[in-house]
There are 2 protein chains.
Amino acid sequence: MNDDKRYEFRASIFKALANPLRLRILEKLSEKPWCVCALAAELHTDKSIISKYLSQLREVGLVEDEKRGTLVEYRLVAPCVLQAVSCAEQTIAEHKKRILGELDSLESPEQKG
Amino acid sequence: MNDDKRYEFRASIFKALANPLRLRILEKLSEKPWCVCALAAELHTDKSIISKYLSQLREVGLVEDEKRGTLVEYRLVAPCVLQAVSCAEQTIAEHKKRILGELDSLESPEQKG
DNA sequence: GAGTAATGTTGCAATGTTGACAAACAATAG
DNA sequence: CTATTGTTTGTCAACATTGCAACATTACTC
């Protein structure tokens, strides 16, 4: 795989993650497999949207589906992505804390050392 | 922070990551701090685009900047995000391998059990 | 088989967002 | 004042989001 493709591929994964509702779907799928209609009811969203979003997630390989009669059961394939979310969130919280600390030291300019 | 905001916040992080060039920038910043002009030269891209992309990354807290004369030095704040990239990529590679395996077993339908 | 209900997927249209490029503008060093 | 470095703005095309309607598939009943 060439370099450009590699980066586009990675970006496409994050593009699939770059939506609040899709993140909710993934979090639900991290608990157990869900069908479209159950997710639609759970998340108070039209089934067509849930179906489309699940397709997007499937295209980049984050979830997989399996037919069960009239149902289509979706399951999470890449659970480490959710860890990535909390990692990023945590790091950014740290960052903001640091910024606030810098503001504090500006307000009390006396130096201790 | 309420629930909706939390998910939108997470999504905004992934939105910032959902671009091949921004991923290249982050990878460069994982080596060392870079200024805008050096990144623009390295990545053969207009400085206005690099500047805008760095702003996006800064807004979600993935990088931070520091002025040095006429230069503005950017550094990575959340290096674990890069691990997230390779994690996702790896998992998806596994997924594709599995799909190919299933296709193979369809082509040779004899079962071993 | 025909009819019906439940579940998913796809197409369309309106609206909003993002991307890329060029040009103008701002800030700093000398 | 000039050169260097960064940021912002304007424009236009491309893409994303949302809700609704239409269609497809399966299971069940008669």
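Convention: sequence-line order gives letters A, B, ...; per-chain numbering from 1. What's counted below: heavy atoms across the whole structure, side chains too, no hydrogens, waters or symmetry copies.
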Exercise. Is it true that Glu66(A) and Arg75(A) make a salt bridge, defined as a side-chain N closer than 4.0 Å to a carboxylate O?
Worked result: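 Counted as a salt bridge, because a side-chain N and a carboxylate O are separated by less than 4.0 Å.
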
Problem set entry | Under-4.0 Å salt bridge between Lys52(A) and Asp46(A) |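 No, Lys52(A) and Asp46(A) are not salt-bridged.
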
Quick one: which of [options] gets closest to the side chain of [X]?
X        : options                   : answer
Lys67(B) : dT28(C), dT26(D), dC20(D) : dT28(C)
Thr70(B) : dC20(D), dT4(D), dA20(C)  : dT4(D)
Cys37(A) : dT7(C), dT7(D), dT9(C)    : dT7(C)
Arg58(A) : dG6(D), dA27(C), dT9(C)   : dT9(C)

Is [X] close enough to [N] that one of its side-chain N or O atoms is under 4.0 Å from OP1 or OP2 there?
X        : N       : answer
Tyr74(B) : dT7(D)  : yes
Tyr53(A) : dT18(D) : yes
Asn19(A) : dT17(D) : yes
Ser51(A) : dG8(C)  : no

Seminar exercise, completed: Whole-Å distance, Ile49(B) CD1 to dC21(C) P, equals 5 Å

For this session: Please state how far atom CD in Glu59(A) lies from atom P in dA16(D), giving the value in whole angstrom units.
Result: 11 Å

Seminar exercise, completed: Ranking Lys47(A) and Leu21(A) by the position along DNA chain D of their nearest nucleotide, the one closer to 5' is Leu21(A)

For this session: Classify the nucleic acid contact of Arg68(B) as base, sugar-phosphate or nothing, counting any heavy atom under 4.0 Å across all strands shown.
Result: nothing

Problem set entry | Toward the 5' end of DNA chain C, by each residue's nearest nucleotide, Lys52(A) or Ala38(A) |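 Looking at DNA chain C, the more 5' nearest nucleotide goes with Ala38(A).
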
